[in-house]
Participant: 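My structure is below; once you've seen it, I'll send some questions.
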Amino acid sequence: MKTVWITHEKREGSIQKSPCVAALGFFDGVHIGHQTVITKAKKIAVQRNLNLAVITFFPHPKEVLSDGAHSVRYLMPFTMRQEKLERLGVDILYVVRFNPMFAALSPQQFVKDYLLALHVKHVVAGFDFTYGCRGEGNMDTIKGHGQGQFDVTTVAKVNQADGKISSTRIREMLAVGKVGSIPEYLGSFYETKGRIHSVYPFGQNGGYLTAIVSIDRYFTLPKPGVYETEAMIDSQYHTFVSRIRPNNMSIVEVESEFLQELEQHKEICLKWIRRLHEIFDGQGDKMHEQHFAYRPN
C-alpha cells in the first residue's frame, strides 16, 4: 500500500495519481463499521478494475477546531491504522493534513481539490460522513458537488445491540472497563503497544515478575483496574494480569512468569480480554498475589 500525505498548501499536481474508488472517513480503530465501508469500496474497485484508495485525515478535526483545547484519545497510532487498512486490501492511502486552512474549505472546494483532483471515480462513505466548512456537505450533496464526475455509494448505519458501532462508542466502553464486549464492535479484542522500562521480581517466592510498561500516547487505556490480558511471546499467546492505577493513564503494570523472555524484546502488545476488579489501595502484595488465584487457560 502506498501512503501519500497531502496538505492544502501542497498542490495536487505534484502527486502521482490514477483513477480510483475512494472510501472516505477518519477510520480511527478501523472497527466493524469502517471495515464495512472499505469492503464495499473494495468490491466496487474490483468490479471496475480500479485502485482502492482511502482518503482520511490527521490529526482529529476536534483537536484542530478546538485550537488544541480538546485532546482526542485515539484508539491506535496512525501506523497501526495503516497496517489494518493494508490488510483490508487498500492500494493507496491519501492522508489529508487537517489544519485550519483545510477546515475552512467550502464543500464544493473540498470535492474539487480532494476528490476530482485525485481522479476519484466512485465515492464510498458512511451515512453520517460530512465534509467542508462546519460539515455543511454530506452524502446527500456530494454527488451534486461532483457534477456527475463520480458515482456515490452510501453505507447504512452498522448497529450492535445497544446502538451504532463507532469509535466514540468503543472509547466509552474503554472508559468504563467493558473490554470484553469490544470485539463485537472492533472485530477483535482491543490492543495496545508499549515499551518495557523495568522488570522486577514480585511475590513472596519471587516466582512472578512485574513489568512497568509505558503505553504509546495514541492509545486509549481502559478504566483503572485489574485486567486479564494476553501477549505474544515466541509465537504463543500467554495470559497476564495487568494493572492500571488511577491518575496514571500511560503506565501499565504487567505481572506474569513469562516476562523474563519478553524483557529481551522491550516491546509488548497487550490484548485486553476482560476486567477482573477495581484497584484497592493499601492491600499491598497480598492483594497482588490474589490476582494470580485466577489462572485462565
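Numbers here simply count residues along the sequence, with the first being 1. Bear in mind the structure is a predicted one, so any value in this text is a computation, not a measurement.
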Participant: Please check this pair: side chain of Thr210 against backbone of Glu255, looking for a donor-acceptor N/O pair closer than 3.5 Å.
Facilitator: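 Flag not set: sc Thr210 to bb Glu255 has no pair under 3.5 Å.
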
Participant: Check Gly25 against Thr56 and note the closest heavy-atom contact, atom names and distance.
Facilitator: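 That closest heavy-atom pairing would be O-OG1, 2.8 Å.
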
Participant: Measure centre to centre between the rings of His31 and Tyr185, then say whether the value is under 6.0 Å.
Facilitator: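 Ring centroids of His31 and Tyr185 are no less than 6.0 Å from each other.
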
Participant: Main chain of Gly29, side chain of Lys84: is a donor-acceptor contact present, judged purely on distance under 3.5 Å?
Facilitator: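 Yes, Lys84 side chain to Gly29 backbone: donor-acceptor pair under 3.5 Å.
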
Participant: Are Ile268 and Leu209 joined in one hydrophobic group, where the rule is that I, L, V, M, F, W and Y side chains link up if heavy atoms are under 4.5 Å apart?
Facilitator: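 Yes; Leu209 is reachable from Ile268 via cluster members.
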
Participant: By the definition ring-ring contact (aromatic ring centres under 6.0 Å, His included), identify the one residue from Tyr94, Phe98, Phe78 that meets it with Trp5.
Facilitator: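 The option that passes is Phe78.
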
Participant: Tell me whether the count of non-hydrogen atoms from other residues, nucleotides or ligands lying under 6.0 Å of CD in Gln47 goes above 12.
Facilitator: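 Yes.
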
Participant: Report, as yes or no, whether the 6.0 Å neighbourhood of atom NZ on Lys143 holds more than 12 heavy atoms from other residues, nucleotides or ligands.
Facilitator: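 Check passes, neighbour count above 12.
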
Participant: Which heavy atom in Leu75 sits nearest to a heavy atom in Thr220, and how many Å separate them?
Facilitator: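 Distance-wise, the nearest heavy atoms are N-OG1, 4.4 Å.
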
Participant: Has Asp91 got a side-chain atom pairing as donor or acceptor with Leu52's backbone, closer than 3.5 angstrom?
Facilitator: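 Yes; judged by distance alone, with no hydrogens or angles, the pair exists.
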
Participant: Counting N and O atoms only, with roles assigned by atom type, does the side chain of Glu191 sit under 3.5 Å from a partner on the main chain of Lys271, one being a donor and the other an acceptor?
Facilitator: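 Such a contact is absent between Glu191 side chain and Lys271 backbone.
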
Participant: For Leu115 and Val123, what are the C-alpha separation, side-chain angles and deciding distance, and is it a side chain to side chain contact (heavy atoms under 4.5 Å, CB included)?
Facilitator: CA-CA 8 Å; Leu115 299 182; Val123 165; 4.1 Å; yes

Participant: Please check this pair: side chain of Tyr131 against backbone of Ile142, looking for a donor-acceptor N/O pair closer than 3.5 Å.
Facilitator: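 Here the side-chain-to-backbone pair exists.
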
Participant: State plainly whether the residues Lys223 and Glu278 are in salt-bridge range, i.e. N to O under 4.0 Å.
Facilitator: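 A salt bridge links Lys223 with Glu278.
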
Participant: If you round to the nearest 0.5 Å, how far is NE2 of His122 from CG of Leu50?
Facilitator: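 Separation between the atoms: 10.0 Å.
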
Participant: For Phe110 and Phe129, take the angle between the two ring planes, folded into 0 to 90°, and tell me which bin it lands in: parallel under 30, tilted 30 to 60, perpendicular over 60.
Facilitator: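 Because their plane-to-plane angle lies in the 30° to 60° range, the rings of Phe110 and Phe129 count as tilted.
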
Participant: Any donor and acceptor pair, going by atom type alone, linking the side chain of Arg245 with main-chain N or O of Gly225 inside 3.5 Å?
Facilitator: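 Judged by distance alone, no pair lies under 3.5 Å.
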
Participant: Verify the ring-centre separation between Trp272 and Tyr190: is it less than 6.0 angstrom?
Facilitator: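 No, ring centres 6.0 Å or more apart.
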
Participant: Does the Ser250 side chain pair with the main chain of Ser214, one donor and one acceptor, at a distance under 3.5 Å?
Facilitator: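 No, the answer is negative, given that no donor and acceptor are paired below the 3.5 Å cut-off.
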
Participant: Check this for me: Gln147, atom CD, are more than 12 non-hydrogen atoms of other residues, nucleotides or ligands nearer than 6.0 Å?
Facilitator: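 It does not: Gln147 CD has 12 such atoms or fewer within range.
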
Participant: Describe, in one word, how the ring planes of Tyr74 and His60 are oriented to each other, choosing from parallel (under 30°), tilted (30 to 60°) and perpendicular (over 60°).
Facilitator: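 Perpendicular.
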
Participant: Step through it carefully: locate the ring centre of Phe57, locate the ring centre of Phe102, and say whether they are under 6.0 Å apart.
Facilitator: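 Ring-ring flag for Phe57/Phe102: true, centres closer than 6.0 Å.
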
Participant: Are Arg81 and Phe26 in a cation-pi setup, meaning NZ or CZ lies under 6.0 angstrom from the ring centre and within 45 degrees of the ring axis?
Facilitator: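 Yes, a cation-pi geometry.
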
Participant: Above 12 or not: heavy atoms from other molecules or residues under 6.0 Å from NZ of Lys42?
Facilitator: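 Yes - once you tally the heavy atoms of other residues, nucleotides and ligands closer than 6.0 Å, there are more than 12.
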
Participant: Side chain of Glu230, backbone of Phe240: donor and acceptor closer than 3.5 Å?
Facilitator: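 Not a single qualifying donor-acceptor pair exists.
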
Participant: Taking atom CZ of Arg48 as the centre, does the number of heavy atoms from other residues, nucleotides or ligands within less than 6.0 Å exceed 12?
Facilitator: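 More than 12 heavy atoms, drawn from other residues, nucleotides or ligands, come within 6.0 Å of this atom.
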
Participant: Mark yes or no for whether Thr39, through its side chain, and Thr36, through its backbone, hold a donor-acceptor pair below 3.5 Å.
Facilitator: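 Side chain of Thr39 to backbone of Thr36: no pair is present.
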
Participant: Partners of Phe219 by ring-ring contact (aromatic ring centres under 6.0 Å, His included), sequence neighbours excluded?
Facilitator: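 Residues passing ring-ring contact (aromatic ring centres under 6.0 Å, His included) with Phe219: none at all.
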
